[in-house]
There are 2 protein chains.
Amino acid sequence: MNITSKQIAELCGVTRGTVDRALNNRPGIHPETREKILRVAEELGYRPHFLAQSLVKGHTKTLGIVLFDIHNRIFSQLFHAFEAEARKRGYIVYLVLSHRDKELELEYINNLLDRRVDGIALLPANFNKKFESLLLRSRTPIVTFGNRLNGPFPYIWIDDKQAIQDSVSFLIQQGYRRLIYISPPLMRKGKENIHVPEQRYNGFIEACEATPDMRFDIIAQKNYLAELETLMDTTDSSSAILCSSDVYALEVLKWLNDRKIKVPEQIGLMGFDNIDVLKYINPAITTVDYNVNEIGTRLADLLINKINNQDIPSETLIAHHVVEGQSATAMR
Amino acid sequence: MNITSKQIAELCGVTRGTVDRALNNRPGIHPETREKILRVAEELGYRPHFLAQSLVKGHTKTLGIVLFDIHNRIFSQLFHAFEAEARKRGYIVYLVLSHRDKELELEYINNLLDRRVDGIALLPANFNKKFESLLLRSRTPIVTFGNRLNGPFPYIWIDDKQAIQDSVSFLIQQGYRRLIYISPPLMRKGKENIHVPEQRYNGFIEACEATPDMRFDIIAQKNYLAELETLMDTTDSSSAILCSSDVYALEVLKWLNDRKIKVPEQIGLMGFDNIDVLKYINPAITTVDYNVNEIGTRLADLLINKINNQDIPSETLIAHHVVEGQSATAMR
DNA sequence: CTGTTAGCGCCTTCAC
DNA sequence: GTGAAGGCGCTAACAG
């Protein structure tokens with residue numbers, strides 16, 4: 001169906017070796033022969049068979065990236081940057097969505113490995129030894145992000161623990177003395193890789209315990225609004241709700257709005273991630289910002305460098321900072 | 001590096017043909033030989049080389065999907081559904097982002113073709129004959145969506161013209177008699193494939209012209225807020241702004257908020273797409289809803305059916321309906 | 001039942 | 001400068 005180098009060889013009355021020399025302009029071929037072959041190839045719209053090339057060259061110029069989903073804006077932005085950098089460096093990417101499902105992730109990883117991707121950017125849901133040894137045995141370059149593994153896999157993200165501590169500091173400074181921390185992923189502890197939620201959780205606990213007179217609660221379940229409800233009568237204007245992600249903060253704000261509870265007048269609210277839809281929300285939600293585009297770009301950069309056998313740092317942490325909105329400003 | 005069927009053959013003292021029979025459990029092999037081969041393969045963690053398989057089988061079990069971007073929620077949702085259906089049917093997908101850039105789209109299409117993807121789901125930015133003939137010549141199954149080509153390419157989306165007419169009808173019914181239609185993509189007319197924006201535009205014009213006493217304006221430029229400003233002193237509470245997409249409606253609402261112009265008291269506002277972030281917005285934006293998950297699923301379904309040489313409809317239109325919020329409710 | 005052979009499309013020595 | 005041959009890893013048709 002498609003024109004092959006063999007056919008060109010026949011048409012030009014030469015052998016495939018010569019055609020190859022012309023096509024990949026390698027030395028050792030008469031200029032005229034080259035001209036002719038190139039012309040014929042051009043006319044016939046010859047395009048090399050990428051798979052066949054990959055098979056012999058041993059690389060596919062393909063990257064795989066596994067994400068939980070792209071509903072969370074943070075991940076769709078990350079993908080954008082990743083894809084752009086990959087393209088600039090000559091790679092095309094498989095995007096697969098694990099939905100935090102360990103089985104599915106495993107299935108996908110195996111599939112990507114079978115397809116001989118040159119490297120994988122991985123947001124891991126699995127976390128056990130068996131999984132890691134599969135990755136290691138594959139000898140495929142891998143860079144993790146947004147969740148850490150135990151083995152020697154390079155990692156890029158932010159300093160989550162510090163970021164939450166900064167958030168708590170900010171809230172304390174605003175005069176808040178009673179905090180409710182909402183982080184549903186914590187409920188999957190032991191069942192799933194929740195490295196980042198745990199880092200944030202640890203940061204929260206430490207920061208709170210280091211503060212005299214601080215009261216705090218943790219909500220770690222899927223149905224977090226129901227639990228929040230039971231806590232509401234213990235709150236006042238010196239209370240604030242800190243969410244481990246903007247997506248929860250948005251839900252909480254909506255829930256509070258529906259109940260005519262005013263933010264920040266009656267209770268403070270703070271998110272995390274600074275996803276871009278926040279700009280449309282009233283009141284502006286105080287949150288933690290970090291350059292996710294940079295993460296995406298660096299992620300691709302690191303992975304490709306690793307593919308090229310360059311040394312890359314085992315950990316790359318991107319800067320973060322609290323962005324003050326109007327949702328966590330206690331009446332002092 | 002990785003174990004091959006040849007090595008298994010040697011280890012088992014048989015030939016590759018036999019190994020192949022065992023691995024792909026084909027008939028004509030002694031149960032014991034099969035057992036042994038399977039056991040050895042299992043122990044060594046043998047996995048077939050997907051590329052080599054593809055090369056000989058003539059298919060790659062790979063789909064390509066080209067999107068403008070995944071910032072617009074409608075596209076990330078669509079991808080989710082597409083990816084899920086593809087996976088269920090045994091395919092993995094390349095996601096490439098054209099950013100509406102015709103050159104880039106072309107480059108990507110060629111790349112996907114070189115990689116011998118089994119099919120392409122295409123949101124086209126290009127629209128000329130040359131582009132279409134490239135697609136046709138490739139003989140690769142293609143299904144378009146969200147923008148139409150002229151050639152015989154199956155298409156799936158919604159009835160955009162009708163949807164805007166329904167929107168206008170709704171606004172008229174609410175008592176609006178002066179409409180401002182905002183659709184920035186229209187400015188790229190002639191330069192880029194804007195099939196859908198044009199359909200919506202046509203629907204708008206027809207619906208307005210069919211209505212006596214209707215005044216209307218079109219804003220078709222990137223800097224639409226600036227143009228909107230010049231029109232604001234010609235509006236009153238019987239005026240409404242109709243946006244060709246929710247993303248513009250969100251910007252407009254923010255802009256109006258900043259100017260303390262009340263929606264819908266002073267002016268009506270309506271969007272299109274019903275992207276999921278709308279649920280967090282106040283006032284609730286009236287918009288047009290359609291099941292984008294269904295589009296994503298059907299898109300994959302159609303494409304795969306086409307790959308399997310089944311007949312598929314040249315046009316598939318998904319239902320839509322106006323969702324009433326509080327942003328376009330004239331004081332009657 | 002199993003081995004042999006040929007081929008998918010391309011690249012890469014090694015002779016001539 | 002060019003041809004011939006072998007191989008990437010797997011499948012498939014044909015013998016035996």
Side-chain angles (χ1 to χ4, degrees), chain A residues 1-38 40-41 44-62 110-111 113-118 138-140, chain B residues 1-38 40-41 44-62 110-111 113-118 138-140:
Chain A
M1 178 154 64
N2 243 303
I3 178 92
T4 75
S5 70
K6 189 177 164 191
Q7 295 176 43
I8 294 186
E10 281 167 10
L11 286 169
C12 295
V14 293
T15 159
R16 286 136 87 235
T18 308
V19 170
D20 188 60
R21 274 179 271 259
L23 259 24
N24 301 317
N25 52 58
R26 288 188 306 173
I29 180 173
H30 192 91
E32 272 184 31
T33 331
R34 150 171 301 143
E35 276 308 307
K36 182 176 178 189
I37 293 174
L38 255 29
V40 172
L44 269 48
Y46 169 79
R47 304 220 105 217
H49 194 300
F50 203 88
L51 268 61
Q53 265 183 167
S54 296
L55 188 60
V56 53
K57 286 194 177 172
H59 64 240
T60 54
K61 285 290 175 184
T62 306
N110 274 319
N111 201 326
L113 258 21
D114 289 348
R115 287 161 185 262
R116 299 299 195 275
V117 293
D118 292 339
S138 80
R139 307 198 122 281
T140 300
Chain B
M1 180 151 64
N2 243 303
I3 178 94
T4 75
S5 70
K6 189 176 163 190
Q7 297 176 40
I8 295 186
E10 282 166 10
L11 285 169
C12 294
V14 293
T15 158
R16 286 138 87 234
T18 307
V19 171
D20 188 58
R21 274 178 274 257
L23 260 22
N24 300 315
N25 53 59
R26 288 188 306 177
I29 179 172
H30 193 91
E32 272 183 30
T33 332
R34 150 171 300 143
E35 277 307 307
K36 182 176 179 189
I37 293 174
L38 256 28
V40 172
L44 270 46
Y46 170 79
R47 306 221 103 217
H49 194 300
F50 203 88
L51 269 59
Q53 265 183 165
S54 296
L55 188 60
V56 53
K57 286 194 177 171
H59 64 241
T60 55
K61 286 291 176 185
T62 306
N110 274 319
N111 200 326
L113 258 20
D114 289 348
R115 286 160 185 263
R116 299 299 193 275
V117 292
D118 292 339
S138 80
R139 308 198 120 279
T140 300

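A, B, ... follow the sequence lines: proteins, then strands. Residue 1 opens every chain. For clarity, every value in this text was computed on a predicted model and none was experimentally measured. Only this structure's heavy atoms are used, side chains among them; waters, hydrogens and symmetry mates stay out.
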Indicate yes or no for a side-chain donor-acceptor contact from A/T4 to the backbone of A/Q7 under 3.5 Å, with no hydrogens or angles considered.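 Confirmed, A/T4 side chain pairs with A/Q7 backbone.
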
Nucleotide of [options] approaching [X] most closely (side-chain heavy atoms):
| X | options | value |
| --- | --- | --- |
| B/Q53 | D/dC10, C/dT2, D/dC8 | D/dC10 |
| B/A52 | D/dG9, C/dC10, D/dG3 | D/dG9 |
| A/K57 | C/dC11, D/dA4, D/dT11 | C/dC11 |
| B/D20 | C/dC10, D/dA12, D/dG3 | D/dA12 |
| B/R16 | C/dT13, D/dT11, C/dT2 | D/dT11 |

Does OP1 or OP2 of [N] have a side-chain N or O of [X] closer than 4.0 Å?
| X | N | result |
| --- | --- | --- |
| A/T18 | D/dG1 | no |
| A/T4 | C/dG9 | no |
| A/S5 | C/dC10 | yes |
| A/T33 | D/dT2 | yes |

Checking side-chain polar atoms at under 3.5 Å, does B/T62 have a donor or acceptor matched by the opposite partner on A/R115?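 The answer is yes; a qualifying pair exists.
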
Can you find a donor-acceptor N/O pair under 3.5 angstrom joining the side chain of B/R116 to the base of C/dG9? no

